[in-house]
Amino acid sequence: MEHIHEEKIIKKKTNQSGCCSAHEEHHHSEDDGHNHDHEHNAEGSLFQMFLPAIISFVLLLIGIGFDNYFPQNWFTGYVRIVWYIIAYLPVGIPVLKEAYESIIKGDVFSEFFLMCIATIGAFAIGEFPEGVAVMLFYTIGENFQGLAVSRAKSNIKSLLDQRPDEVTILENNVATKVKAADVRIGSIIQLKAGEKLGLDGELLSDTASFNTAALTGESKPSTKVKGETVLAGMINENTIAQVKVTTDYKDSKLSKILEMVQNATAKKAPAELFIRKFAKIYTPIVVYLAIAICLLPMLFVDNYVFSDWLYRALVFLVISCPCALVISIPLGYFGGIGAASKNGILFKGSNFLDSISTIQNVVMDKTGTMTEGVFKVQEVIISDDFDKEEILKLVNVLESQSTHPVATAIHNHVGKIDASIELKNVEEISGHGLKAEINGKELHVGNFKLMDKFGIKYDLDPNSVVYTTIAIAYEKKFAGYLTIADEIKEDALETVNKLKLLGVKVTMLSGDKTNVVQFVANKLGIANAFGDLLPEDKVNKLNEIKAKNETVAFVGDGVNDAPVIALSTVGIAMGGLGSDATIETADIVIQDDKPSKIPMAINIGKQTKKIVWQNITLAFVVKAFVLILGAGGLATMWEAVFADVGVALLAILNAVRIQKMKF
C-alpha cells in the first residue's frame, strides 16, 4: 500500500494500521515507520508475522534450558552472552530502530526508548533471559494488534474511483475511446447500456434511464429526456445514449464530491489512545526515578556501593517496563474487533471502538441503509368496474416492452407474461409512460401526466400518494394505479428502538423527495428527518449537530454519503450495496447491510472499552506495587518478570471474554 494524494487521499484511513498500543497517535500520519511494518505483515503470511517472535522464543527456551535444566560446559561466558543477543535481535532490532527514529524526531521518551533501556539494562546486569523475555512479550502484543487490524482491512475493498478513466466519444460518427480527463467541452460521449458516465453533460438522445442511487441517493431510477442534465457517475440502464459534455473532468459534480471527501477527511482529528498519552509522562518519570535510585543514595548511605544501587535501578527499569499494558490493551481491542468481525462489523482501527462507545447521535441515510434499495410493488388499487387480474395481465405485457426498473418491479409482482395477449401500436411517450392497443382498445400505463395528456379523468390527488405511482387507463377510462417503492428493511424499526434505549438521538438525511423520507421516518419513529438534500446539504446538517459539541456517527451507502461519513466522529458504511468510495472513507463497515448492526457496534464498543479499562487498572495496581518493592530492593528481576507475565495472562483471559459475549 502507499499513500496517495489528490482525491484518493481518502485511502489514508486504511493505509494506517491504527495500532492501538503506542501508535494510535499516528493513525493519520504518513511517515509512521512502525505502521509500515504492520502493513508489511498484513501482506505476508501469519507465519511470517510471528517468525521473529518464534525464533526468539525457541532460542530463549533453549538458553533457559541450558542455564537451569541441561547445563552445558560450553554454555558460559561470551558464548552464553552471544546466544541471548542472537535471541534478542529478531524482536529487538525493530524496536531499537523505532526508538532511534523517535529520538531523531525529538520524541526522546517514547515507549520504544523505555523498552530498549529496560532490556539493555537487563543485559547490563547479566539478566539476559529477562531482557529477551520482556522484548518478546512486547513484540507478541504488537503482532496481535497488527493481526487484528490486518484482518479487518482484508475484508474491505480498495477504493474504486467512481469516474471511469476512459470514455467513448463520437468524432465524424466514428466511436473512439479516449481518456476522460482529455475530453473537451462540446464533445459527444456515446454511452452503452450498463456503462457509467465519466463527465457531466446534456442528454442528446430522446430519452434514457439512469441509475443515480450511488451519486444522488435517490431511490427511484431517473428517466432523463433530451436536453436534460446528466452527471458523472450515473449509469445508463437501457439503450445506447449520447451525451454532450458541458463541464471539464475536474469540475464535474462527482469530482466536487470526491474533493469534499478529501477536505472532510483532512478535518478529522487524529485519535490518541491512552497508552501514548501515558507513555509521554510515565517514561521520563521512570527513567529519572531509576537515575535517582542509582545516584541519590550516595548522599545518604554510608557504605554506598555503586554496582549494588545500579542493580536496583536497572531492576526498577525492568519492572517498570509496560509489558502488561502493551499486551493487555491491544488484546482487549483485538477481542472487540474479533467479536465485531464475527457479527459482520468491520472496524478499521481500534480507536473507533472507543469513539463509537460514546456516540450521542446517529445520523443515517435512507436508501440502502434503512430501506432495501430494491423496488417492489406496494399497493394495487384497481376500480371495481374492472377485472383486477385482467388489468394486471395487460399492464404486465405492456411493461415487458420496457427495460425500466419499474417495469421489472411490476413483472416480479404479477408474474409470467401472458403470451396470448397481442399488442399493437406500442408507443413509449417520453417522460410519461406507455400506450398500446389490445383487441382494438387503448391501454395507457404511466404517470398522471400521461392521463392528463390523453384527457383521462381521475378522482385522485397524485401528491397525496407517497410512493411512485403508476396510473392505468383502459378504454379511455381511469382503471386505478400501482404504487412502487423501496421497502423498509425488516430490522430498521428494531434498530431505531435499540438506539433510543441506548440514549442515542436518531436523524435521517436523504437525497430522496421529502414526502417519501417523512413517510419512512414516521414508520420508524424518527422525529428528525430531512429530504431533497444535496451532498453539501448533508454536510451542513451534520455540522449543525457537531456545533452542539455532540459526537455523531453517520451511516450511509452512496458516494454522496462519503463527505459526511468522513466528517463525522465515526463514519459507518453499508458494505453490501455501498459504493466503494463510501466504504473506503468509513471507519466502520457493516458487511451485510443490516441496520441492526449499528446498535450492536455501539454495544461492542462499550464492552470493549470496559474490558480495556479493567486491564489498565489491573496492570497499574500490580505495577505500582511491584515498583515500590523494586525501588526498596525487595523484588528481584525474576519476581518482576513473573508479576508482569501474570498480569499479562490475566489481561489476556479477560480480553478473550468479549469473544464469548452475545450482542
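Sequential numbering from 1 along the given sequence is applied to the chain's residues. All values below were derived from every heavy atom in this structure, side-chain atoms included, with hydrogens, water molecules and symmetry-related copies excluded.
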Under a 3.5 Å distance rule, please check whether [X] uses its side chain to pair with a backbone N or O of [Y] as donor and acceptor.
| X | Y | value |
| --- | --- | --- |
| K606 | S357 | yes |
| T371 | I488 | no |
| N447 | K449 | yes |
| S205 | T207 | no |
| T551 | Q360 | yes |
| D587 | F352 | no |
| S209 | T223 | no |
| T358 | S355 | yes |
| K500 | G525 | yes |
| D200 | T247 | no |

How long is the span from the [atom1] atom in [X] to the [atom2] atom in [Y], to the nearest 0.5 Å?
| X | Y | atom1 | atom2 | value |
| --- | --- | --- | --- | --- |
| I189 | L204 | CD1 | CG | 10.0 Å |
| K376 | N412 | NZ | CG | 9.0 Å |
| I410 | L482 | CD1 | CG | 5.0 Å |
| I526 | M364 | CD1 | CE | 5.5 Å |
| Q607 | N603 | CD | CG | 7.0 Å |

| request: Evaluate side chain to side chain contact (heavy atoms under 4.5 Å, CB included) for M508 paired with V520, printing each intermediate quantity in order. | output: CA-CA 9 Å; M508 183 182 287; V520 172; 4.0 Å; yes
Looking at every heavy atom in both [X] and [Y], which two are closest together, and how far apart are they?
| X | Y | result |
| --- | --- | --- |
| D365 | G556 | CB-CA, 3.9 Å |
| Y249 | A180 | CE1-CB, 3.5 Å |
| N236 | K192 | ND2-O, 3.4 Å |
| A241 | A208 | CB-CB, 4.1 Å |
| T168 | A175 | CG2-CB, 3.7 Å |
| A529 | A521 | CB-CB, 3.4 Å |

| Within-4.5 Å side-chain heavy-atom neighbours: I185 and D248 |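 Heavy-atom side-chain distance check passes, below 4.5 Å.
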| query | Are the side chains of T229 and T246 in touch, meaning some heavy atoms are under 4.5 Å apart? | reply | no
| Take atom CD in E166; do more than 12 heavy atoms of anything else shown fall under 6.0 Å from it? | yes
| Does atom NZ of K609 have more than 12 heavy-atom neighbours, drawn from other residues, nucleotides or ligands, at distances under 6.0 Å? | yes
| Is a side-chain donor-acceptor pair under 3.5 Å present for T483 with E379? | yes
